[in-house]
Amino acid sequence: MAQSSRRNLYEGRPMPDWIESPPIAHNSSYYFKVFDARDVDMEKARNQAIKKAFQQAMNFVSTAVNSADVYKAIEEGKNLDVISETYSIPIYVTCEFQKQRPDKVWVYWILCQIAVRGNVVPLFNTHFSECNTHDLWDEKKKQVENDLEKERKRVDGTALAASFFIPGAGQMYKGKGGVGAGILLGEMALVGGGVTCYFFGKKQLNVMRGVNVEYDAFRSAQQLYNTMRIVSYSCYGAAAALYIFNLCNAYMIAPSDRKFPQLTYNAAFIPVNEFTAPTYAMGASVQIKF
């Protein structure tokens, strides 16, 4: 956890907006979360609030909280990540606010940025340095919303352009691989069916134009030609309709969260003979989290 460089004291001033409404993350690599704690000692209340932040992240990687290590790191001012055997989850304290109630109990709030998954380098945003300035907060909140709107339009435009050239590519770009693959295979099947029916019908037309063709053969080829022509046009029409749906869907569909399963393991050496030569057994467990 990278600790905040300032411990802001705002006794007697209005509570900041982020306590009730946490800000929106600028990108998908992290999220904001508010944690609070209460104690007659302000420093203990702060440590308890930070411990809650650790607890949430540690639950994500199925690791227990060691209070002594957490408090020691806080006192010594170390940077500390939540770490399991295979995963590390960075946390950053963005804002802090504390207030003493009439009963002399301190309430401490911290605003944290937490990485969405383990073993990533989150692009934390540290714009919220003036954590208790409401006007500045509102401006930055609007800025975040504008940035998200621009990003949404960019993603939608890119998906539309991709699906314009390759049906289904826009859906795949937005993380909807199943939908994109279905559209692409559908387009290939319809266009391929239309082309196949066209050439098969053309072959029947050549039979009809033969000099020595018999009447029964002519009638049979004519019926097949008419059928193939109708099927071919139907396939082309369905392919055109699917292509238009593909463009609309690529632009309007919401991007996927792109959550991937995570694999963790635990290993241990267990003594099995305490009275003679040291003998050990090795154990291991594997856990997949979705």
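Model, not experiment: these values are computed from the prediction.
- I114 contributes atom CD1, which lies 5.0 Å from atom CD1 of I91 (distance to the nearest 0.5 angstrom).
- L190 and V195 are members of different hydrophobic clusters when ILVMFWY side chains are connected at heavy-atom separations under 4.5 Å.
- Evaluation of the salt bridge (Lys or Arg N to Asp or Glu O under 4.0 Å) rule for D216 yields no partner, not counting sequence neighbours.
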Kindly indicate, with the supporting measurements, whether the criterion side-chain contact (heavy atoms from CB on, under 4.5 Å) is fulfilled by Q98 and V107. CA-CA 6 Å; Q98 61 277 343; V107 185; over 6 Å; no
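- Atom CZ of R219 and atom CE of M208 lie 9.0 Å apart (nearest 0.5 Å).
- With contacts defined as side-chain heavy-atom distances shorter than 4.5 Å, the pair D41/W106 does not qualify.
- Note on residues 149-162: pairs passing salt bridge (Lys or Arg N to Asp or Glu O under 4.0 Å), not counting sequence neighbours, are E149-R152, E151-R154, R152-D156, D156-K174.
- Here CG of L148 is found 9.5 Å from CG of N27. Values are rounded to the nearest 0.5 Å.
- Partners of D36 by salt bridge (Lys or Arg N to Asp or Glu O under 4.0 Å), not counting sequence neighbours, listed by chain and number: R38.
- Minimum heavy-atom separation, P23 to W18: CD-CB, 4.1 Å.
- At a threshold of 4.5 Å between side-chain heavy atoms, the hydrophobic network of Ile, Leu, Val, Met, Phe, Trp and Tyr places F165 and M172 in one connected group.
- If you chain together hydrophobic residues whose side chains sit under 4.5 Å apart, F124 and L111 fall into the same group.
- Residue N212 places its CG atom among 12 or fewer non-hydrogen atoms of other residues, nucleotides or ligands, all under 6.0 Å distant.
- When side chains are defined from C-beta on, K104 does not count as touching V40, because their heavy atoms never get closer than 4.5 Å.
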Quiz: residues 226-235 side-chain donor-acceptor pairs under 3.5 angstrom, not counting sequence neighbours:
from, atom 1, to, atom 2, distance (Å)
N226, ND2, Q222, O, 3.3
T227, OG1, Q223, O, 2.9
S232, OG, G194, O, 3.0
S234, OG, I230, O, 2.8

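- Here the closest heavy-atom approach between residue C112 and residue F35 is recorded as SG-CD1, 4.0 Å.
- Across all non-hydrogen atoms, the minimal contact from S163 to G170 is OG-N, 2.9 Å.
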Review item, side-chain donor-acceptor pairs of residues 178-188, under 3.5 Å, at least two apart:
from, atom 1, to, atom 2, distance (Å)
E187, OE2, Y243, N, 2.8

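- Surrounding CG of L247 are more than 12 heavy atoms belonging to other residues, nucleotides or ligands, all under 6.0 Å away.
- Enclosure of atom OH in Y198 is not indicated, since only 12 or fewer non-hydrogen atoms of other residues, nucleotides or ligands lie within 6.0 angstrom.
- Side-chain contact check for V105 versus Q100: every heavy-atom pair is 4.5 Å or farther apart.
- Between W109 and F97, the ring-plane angle classifies as tilted under the 30° and 60° cut-offs.
- Proximity of D39 to Y108: side-chain heavy atoms (C-beta onward) are nowhere separated by under 4.5 Å.
- Under the 4.5 Å side-chain heavy-atom criterion for grouping Ile, Leu, Val, Met, Phe, Trp and Tyr, L242 is not connected to F164 through any hydrophobic cluster.
- Residues passing the salt bridge (Lys or Arg N to Asp or Glu O under 4.0 Å) test with R209: none are found, sequence neighbours excluded.
- Considering all non-hydrogen atoms of both residues, V116 and Y31 come closest at CG1-CD2, 4.0 Å.
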Please lay out, stage by stage, how Y173 and T158 fare under the test side-chain contact (heavy atoms from CB on, under 4.5 Å). CA-CA 8 Å; Y173 172 74; T158 303; 3.8 Å; yes
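- Of all heavy-atom pairs spanning A45 and A37, the tightest one is O-CB, 3.3 Å.
- When all heavy atoms of A25 and Y30 are compared, the closest pair comes out as CB-O, 3.3 Å.
- Between I110 atom CD1 and R46 atom CZ the span is 7.5 Å, to the nearest 0.5 Å.
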Check step by step if side-chain contact (heavy atoms from CB on, under 4.5 Å) holds for H26 and L123. CA-CA 9 Å; H26 279 66; L123 302 176; over 6 Å; no
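- Atom OH of residue Y236 and atom SG of residue C197 lie 8.5 Å apart, to the nearest 0.5 angstrom.
- No donor-acceptor contact under 3.5 angstrom links the side chains of Y92 and Q113, judged on distance only.
- Cluster annotation: V191 is not connected to I166 through the hydrophobic network of ILVMFWY side chains, with a link wherever side-chain heavy atoms come within less than 4.5 Å.
- One finds the CG atom of L160 at 8.5 Å from the CG atom of N246 (value rounded to the nearest 0.5 Å).
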